[in-house]
A.B. asks: 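Structure provided below as structure tokens; questions to follow.
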Amino acid sequence: MLPPLRDVISRHGLQALKALGQNFLLDLNLTSRIARSANDLECATILEIGPGPGGLTRALIAAGAKRVICVERDERCLPALDEIAQHYPGRLEIIHGDALAFDPRTIDADGPIKIIANLPYNIGTALLMKWIDTPDWPPVFDELILMFQREVAERIVATNQSPHDYGRLGVFCGWRTEAKILFDVPAQAFTPAPKVTSSVVKLIPRPNPLACSPALLARVTQAAFGQRRKMLRQSLKSLNVDPLNLCEAAGLDPTRRAETVSIEDFVAITNCLSRMSNFIPQ
Ligand code: SAM
């Protein structure tokens, strides 16, 4: 039997470090609920970012995950993770490193990859964007199950029907995935407790999202939402084409503001911009 997580934390001196976004989830019901939110764990290779002392890691393996590969930056957590690897021979691989520098495409998997994680909040959106705005699509993963602060989760699932939260994150996630909030996790469930509620989000890649250059869509959404209170005829000026011509080509009223523009219309603007300028996607 593996020892209780609290014992593991005290034995290995794993005092939570704020700089690494460490809020550990020790509630076995919750870690098990997150693990069970994934489809077909038994056939999948799981990439877990930031396993920490290994609470979610244990839950994933206990729920039947065939193989878990985890990437942890904090060296102090490695001996605790090693105990789990020894307890479940051949099912857990530990990579000591920075998840921002880790490319999931380098995983040698004989089936789908799922990324499942209680993400460090300070790099959560950067990681998600790295996975979603990749030039290769469909991606190597078939499912993402990720914990974010509730406010970030709301931005991930936002559309122009929820203008307050809608922005670049919502456009990218809605364009390429079907994203939904599964459930909330109260602050007290974590050790130490963060200041805000968290939410678990599921994102399933769309097999055939509307065709569009992610690099150019990033420029368009940056321009539009960078000045979200301004009309498109003003905010799109930084794209170096006549914004009135661009809006006309995309069939949009130039007096609209970014937060009213649907994801499909952002794709239309992007494709018109691509034709009007000599932009070469990376
Ligand atoms: N999965 C554990 C749990 O649920 O209790 C810990 C989650 S904690 C919110 C985030 C974890 O990510 C910590 O273990 C932290 O050390 C790790 N981490 C922070 N920055 C990282 C990075 N750049 N690459 C990999 N892991 C990182």
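Counting starts at 1 for both ligands and their atoms, following the listed order. Quick caveat: nothing in here was measured; it's all calculated off a predicted structure.
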A.B. asks: Show me which atoms of ligand 1 lie under 4.0 Å from any heavy atom of V71.
C.D. replies: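 It comes down to these atoms of ligand 1: 25 (C), 26 (N).
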
A.B. asks: Do the side chains of E178 and K202 get close enough for a salt bridge, i.e. N-O under 4.0 angstrom?
C.D. replies: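 A salt bridge is absent here (no side-chain N lies under 4.0 Å from a carboxylate O).
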
A.B. asks: If you have a sec, work out which protein heavy atom is nearest atom 2 (C) of ligand 1 and how many Å separate them, to one decimal?
C.D. replies: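 In this structure, atom 2 (C) of ligand 1 has P51 O, 3.2 Å as its nearest protein heavy atom.
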
A.B. asks: Do the side chains of L128 and C173 get nearer than 4.5 Å, heavy atoms only?
C.D. replies: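 SC-SC contact between C173 and L128 confirmed.
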
A.B. asks: State if L100 counts as touching ligand 1 under the rule of any non-hydrogen atom under 4.0 Å.
C.D. replies: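 No, L100 has no heavy atom closer than 4.0 Å to ligand 1.
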
A.B. asks: Only one of L14, I9, V8 forms a side-chain contact (heavy atoms from CB on, under 4.5 Å) with C77, so which one is it?
C.D. replies: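 The single option meeting the side-chain contact (heavy atoms from CB on, under 4.5 Å) with C77 is L14.
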
A.B. asks: Specify the protein heavy atom at minimum distance from atom 17 (C) of ligand 1: its residue, its atom name, and the distance to 0.1 Å.
C.D. replies: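 Among all protein heavy atoms, the one nearest atom 17 (C) of ligand 1 is E72 OE2, 3.4 Å.
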
A.B. asks: Quick check on contacts: which atoms of ligand 1 are under 4.0 angstrom from a heavy atom of G97?
C.D. replies: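 Listed by number with element: 24 (N), 25 (C).
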
A.B. asks: Evaluating non-hydrogen atoms only, which member of A101, C70, G50 is closest to atom 6 (C) of ligand 1?
C.D. replies: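 That would be G50.
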
A.B. asks: Could you check if a side-chain atom of D184 sits within less than 4.5 angstrom of a side-chain atom of S199, using non-hydrogen atoms only?
C.D. replies: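 Of all side-chain heavy-atom pairs linking S199 with D184, at least one is under 4.5 Å.
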
A.B. asks: Quick one, L56 with L25, criterion side chain to side chain contact (heavy atoms under 4.5 Å, CB included). Give me CA distance, side-chain angles, the key distance, then yes/no.
C.D. replies: CA-CA 8 Å; L56 180 56; L25 202 46; over 6 Å; no

A.B. asks: With clusters defined by side-chain heavy atoms of hydrophobic residues (ILVMFWY) lying less than 4.5 Å apart, directly or transitively, does V68 cluster with F24?
C.D. replies: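 Shared cluster, no.
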
A.B. asks: What atoms of ligand 1 come closer than 4.0 angstrom to any heavy atom of A99?
C.D. replies: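 So the atoms of ligand 1 that pass are 22 (C), 23 (N), 24 (N), 25 (C).
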
A.B. asks: Please determine whether a side-chain nitrogen of the Lys or Arg among K66 and D110 lies less than 4.0 Å from a carboxylate oxygen of the Asp or Glu.
C.D. replies: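 Salt bridge between K66 and D110, a charged N being under 4.0 Å from a carboxylate O: yes.
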
A.B. asks: Determine whether more than 12 heavy atoms belonging to other residues, nucleotides or ligands lie under 6.0 Å from atom CZ of R206.
C.D. replies: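 More than 12 heavy atoms, drawn from other residues, nucleotides or ligands, come within 6.0 Å of this atom.
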
A.B. asks: Identify the protein heavy atom lying closest to atom 19 (C) of ligand 1, giving its residue, its atom name and the separation to 0.1 Å.
C.D. replies: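 Going by distance alone, atom 19 (C) of ligand 1 is nearest to L20 O, 3.1 Å.
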
A.B. asks: Could you identify the single nearest non-hydrogen protein atom to atom 4 (O) of ligand 1 and state the distance to 0.1 Å?
C.D. replies: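 Heavy-atom neighbour on the protein nearest atom 4 (O) of ligand 1: N118 ND2, 2.8 Å.
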
A.B. asks: List every atom of ligand 1 that sits less than 4.0 Å from any heavy atom of L119, numbering the atoms from 1 in the order shown and giving each element.
C.D. replies: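 Here the atoms of ligand 1 in question are 9 (C).
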
A.B. asks: With a 4.0 Å cut-off on heavy atoms, does A117 reach ligand 1?
C.D. replies: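 Not so, A117 does not reach ligand 1.
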
A.B. asks: Do H164 and E154 come within less than 4.5 Å of each other through their side chains, counting heavy atoms only?
C.D. replies: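 With C-beta onward as the side chain, the pair stays apart.
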
A.B. asks: Looking only at protein heavy atoms, which one is nearest to atom 5 (O) of ligand 1, and what is the separation?
C.D. replies: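 Here the closest protein heavy atom is L25 N, 2.7 Å.
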
A.B. asks: Would you mind telling me if ligand 1 is within reach of the side chain of P120, the backbone, both or neither, using heavy atoms under 4.0 Å?
C.D. replies: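 Both backbone and side chain.
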
A.B. asks: Does N122 reach ligand 1, in the sense of a heavy atom lying below 4.0 Å from it?
C.D. replies: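 Contact absent.
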
A.B. asks: Report, in ascending order of atom number, the atoms of ligand 1 lying under 4.0 Å from any heavy atom of N23.
C.D. replies: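 Checking each atom against N23, I get 7 (C), 8 (S), 9 (C).
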
A.B. asks: Specify whether F225 and Y166 have parallel, tilted or perpendicular ring planes, treating 30° as the upper limit for parallel and 60° as the lower limit for perpendicular.
C.D. replies: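 Rings of F225 and Y166: perpendicular, as their planes differ by over 60°.
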
A.B. asks: Would you call C77 a ligand 1 contact, heavy-atom distance under 4.0 Å?
C.D. replies: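 Not so, C77 does not reach ligand 1.
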
A.B. asks: Could you tell me if the side chain of L273 sits less than 4.5 Å from the side chain of L236, heavy atoms only?
C.D. replies: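 No. Closest side-chain heavy atoms not under 4.5 Å.
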
A.B. asks: Between the candidates Q22, E48, H96, R73, which shows the shortest non-hydrogen contact distance to atom 25 (C) of ligand 1?
C.D. replies: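 When every heavy atom of Q22, E48, H96, R73 is considered, R73 comes closest to atom 25 (C) of ligand 1.
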
A.B. asks: Touching ligand 1 at all, G55? Heavy atoms, strictly under 4.0 Å?
C.D. replies: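 No, G55 has no heavy atoms under 4.0 Å from ligand 1.
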
A.B. asks: Going through the checks in order, is the side chain to side chain contact (heavy atoms under 4.5 Å, CB included) test met by M276 and L246?
C.D. replies: CA-CA 8 Å; M276 289 166 70; L246 180 57; 3.8 Å; yes

A.B. asks: What's the shortest distance from atom 9 (C) of ligand 1 to any protein heavy atom, and which residue and atom give it?
C.D. replies: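 Scanning the protein heavy atoms, the shortest distance from atom 9 (C) of ligand 1 goes to G21 O, 3.2 Å.
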
A.B. asks: Taking only heavy atoms of F24, which atoms of ligand 1 are found under 4.0 Å from at least one of them?
C.D. replies: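 Per the distance check, 5 (O), 6 (C).
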
A.B. asks: Looking only at N/O atoms, are D74 and ligand 1 under 3.5 Å apart anywhere?
C.D. replies: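 In this structure, D74 places no N or O atom under 3.5 Å from an N or O of ligand 1.
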
A.B. asks: What atoms in ligand 1 come closer than 4.0 Å to a heavy atom of G52?
C.D. replies: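 With G52 as reference, the close atoms of ligand 1 come out as 14 (O).
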
A.B. asks: Does any non-hydrogen side-chain atom of L17 lie less than 4.5 Å from one of D74?
C.D. replies: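 When only atoms from C-beta onward are counted, L17 and D74 do touch, with a gap below 4.5 Å.
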
A.B. asks: Give a yes or no on whether Q227 atom CD has more than 12 heavy-atom contacts from other residues, nucleotides or ligands under 6.0 Å away.
C.D. replies: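 Result for CD/Q227: enclosed.
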
A.B. asks: What are the atoms of ligand 1, with element, lying closer than 4.0 Å to any heavy atom of D98?
C.D. replies: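 Near D98, meaning under 4.0 Å from one of its heavy atoms, ligand 1 has 22 (C), 23 (N), 24 (N).
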
